[in-house]
There are 2 protein chains.
Amino acid sequence: MTGQVRTVDGRVAGRRGQATRQKLLDCLSEMLSSSPYRDVKVIDVARKAGTSPATFYQYFPDVEGAVLEIADEVASETAELTELTQGRSWVGKAGWQTAQELVEGFLEFWRRNDAILRVVDLGAAEGDKRFAKLRTKILSPVNSSLSNSVAELQSKGRVDKDVSPAAVAGALVAMLAAVASHQKGFTQSGVKQAELKPNLALLVYLGVTGKKPTK
Amino acid sequence: MTGQVRTVDGRVAGRRGQATRQKLLDCLSEMLSSSPYRDVKVIDVARKAGTSPATFYQYFPDVEGAVLEIADEVASETAELTELTQGRSWVGKAGWQTAQELVEGFLEFWRRNDAILRVVDLGAAEGDKRFAKLRTKILSPVNSSLSNSVAELQSKGRVDKDVSPAAVAGALVAMLAAVASHQKGFTQSGVKQAELKPNLALLVYLGVTGKKPTK
DNA sequence: TCGGTAAGCTGACGGCATGACAGGACAAGT
DNA sequence: ACTTGTCCTGTCATGCCGTCAGCTTACCGA
């Protein structure tokens with residue numbers, strides 16, 4: 001499925017090549033976590049990986065290109081998020097449970113990959129279609145699952161006709177992502193982690209079902 | 001209130017100086033709208049302003065420093081957002097109206113300043129306290145207003161005791177900001193502008209009041 | 001064992017951005 | 001015209017970017 005890994009100038013990468021390539025990606029990941037995106041330089045990544053800048057350019061066209069690779073890896077790991085919503089009930093106590101677990105899992109996922117997701121978000125917001133596509137790919141499991149849940153409740157008459165499942169799901173996912181990105185901002189303005197999560201879950205539940213949860 | 005405008009090396013700026021300074025800020029603003037943040041260079045801004053890089057460094061320590069200035073301007077304009085929430089009712093039809101106007105106004109505000117707000121968001125997410133502070137300053141009118149509204153409804157027993165007004169308000173504002181940043185992402189996945197807004201308003205109303213709106 | 005071939009890496013280089021400084025141009029008052 | 005302080009830019013050392021030729025290393029078939 002995934003075609004062979006190739007260098008910029010077309011050679012196929014062997015074992016050793018793939019190793020250095022991966023090492024560069026790992027080091028880039030670290031750098032993204034520790035310094036502002038704008039200040040991440042090829043030479044720093046290369047130094048950290050114990051290689052030369054020229055080597056970096058063998059495997060990636062530029063920093064952005066490498067970032068896209070990392071984001072692609074993250075997009076693959078996104079499958080685990082599917083479990084948080086697939087086949088879950090949104091009715092009664094079980095529904096409240098679903099909302100809580102979704103929030104918990106989503107925040108954890110975002111926390112684990114915050115550096116790269118931050119950059120993807122920026123790229124998408126700036127209108128770069130490659131980043132935008134990756135962002136929707138990363139969020140799509142949760143997004144479409146929520147959307148389906150709303151649509152199902154709607155077909156049963158439990159949610160108003162004029163609600164757009166896709167719009168609601170998209171907005172809720174955007175909310176979760178944004179809050180995850182700015183968790184520090186919340187704790188700084190006096191909102192504790194412990195009280196943030198249930199309130200998020202409440203908003204998600206309200207958005208999906210249109211009703212208050214029965215706890 | 002705002003102390004005199006000063007150059008990096010301490011001189012006070014006169015009329016002419018302030019003009020070029022402002023021109024540099026304007027050009028930077030434009031550049032942020034048209035090219036990725038990572039690719040905005042001092043030399044380009046200077047060229048666009050018809051001056052030299054050295055002049056730029058007279059007024060700002062670096063690109064980031066100039067961005068902070070622009071963001072500060074935006075933070076001052078944020079007063080207009082206060083009108084969208086101050087003294088509005090969240091009860092019955094009037095409440096639904098309030099939610100709609102808030103969404104409309106917020107999205108418009110964000111659209112008008114999207115380039116700079118994008119960068120502020122990034123800086124805050126990266127943990128830069130200066131950007132984080134500016135972000136809360138920009139969002140605080142809407143944020144605290146919503147928070148107060150929830151608290152008020154709560155004191156009247158119309159909202160559950162265990163809801164945290166600050167957490168809910170923060171999450172809703174984050175949602176609005178995130179959706180505004182990624183409006184293109186929505187339209188690309190088949191959600192039209194026209195249906196996005198009422199659904200956002202619905203989520204805001206639900207979050208604040210805990211009930212479905214009466215339209 | 002021995003080339004042959006492709007993969008893998010780097011030194012070196014022109015080009016460009018950064019950031020600092022000193023000195024020249026300019027406006028305003030005397 | 002002269003002085004003063006503001007304002008701008010030419011120039012320079014430094015450092016990163018992105019490319020290339022060329023060297024080393026690993027693999028493979030004979």
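A note on names: the letters A, B, ... follow the listed sequences, proteins ahead of strands, and every chain is numbered from 1. All figures in this text were calculated on a predicted structure; none of them were measured in a lab.
- You'll find the side chain of K137(B) stays beyond 4.5 Å of the side chain of T78(B), heavy atoms only.
- In this model, no donor atom of one side chain and acceptor atom of the other lie less than 3.5 Å apart for T98(A) and W90(A).
- Of all nucleotides listed (dC9(C), dT18(C), dC17(D)), dT18(C) comes nearest to the side chain of K41(B).
- Within the 4.5 Å cutoff, the side chain of E64(A) has heavy atoms near those of the F131(A) side chain.
- You'll find that the side chain of A54(A) is closest to dT19(D), out of dT19(D), dC8(D), dG8(C).
- Aromatic ring pairs are classed by plane angle as parallel below 30°, tilted from 30° to 60° and perpendicular above 60°; the pair F56(A) and F60(A) is tilted.
- With rounding to whole Å, D39(A) atom CG is found 14 Å from dA17(C) atom C1'.
- Nucleotide dT18(C) holds its P atom 13 Å from the CD atom of E64(B), rounded to whole Å.
- For residues 8-30 of chain A, proximity to DNA chain D is found at R15(A), defined as any non-hydrogen atom under 4.0 angstrom from a strand atom.
- Judged purely by atom type and a 3.5 angstrom limit, Q154(A) uses its side chain to pair as donor or acceptor with the backbone of V163(A).
- Residue T51(B) is in sugar-phosphate contact alone, with no base atom involved, counting any heavy-atom pair closer than 4.0 Å across all strands shown.
- OP1 or OP2 of dT10(C) lies within a sub-4.0 Å distance of a side-chain N or O belonging to T55(A).
- The distance between atom OH of Y59(B) and atom P of dT18(C), rounded to the nearest whole Å, is 19 Å.
- For the pair R38(A) and G50(A), both in contact range of DNA chain C, the more 5′-proximal nearest nucleotide belongs to G50(A).
- The side chain of Y57(B) places no N or O atom within less than 4.0 Å of a non-bridging phosphate oxygen (OP1 or OP2) of dC21(C).
- Rounded to whole Å, the distance from CG on D44(A) to P on dG18(D) is 14 Å.
- Of the candidate nucleotides dC8(D), dC17(D), dA17(C), dC8(D) has the atom lying nearest to any side-chain atom of Q58(B).
- Using modelled atom types, one finds a donor on one side chain and an acceptor on the other under 3.5 Å when comparing E101(A) with Q97(A).
- Residue F60(A) is out of contact with every strand shown, counting any heavy-atom pair closer than 4.0 Å.
- In this structure, N148(A) contributes its side chain and S144(A) its backbone to a donor-acceptor pair below 3.5 Å.
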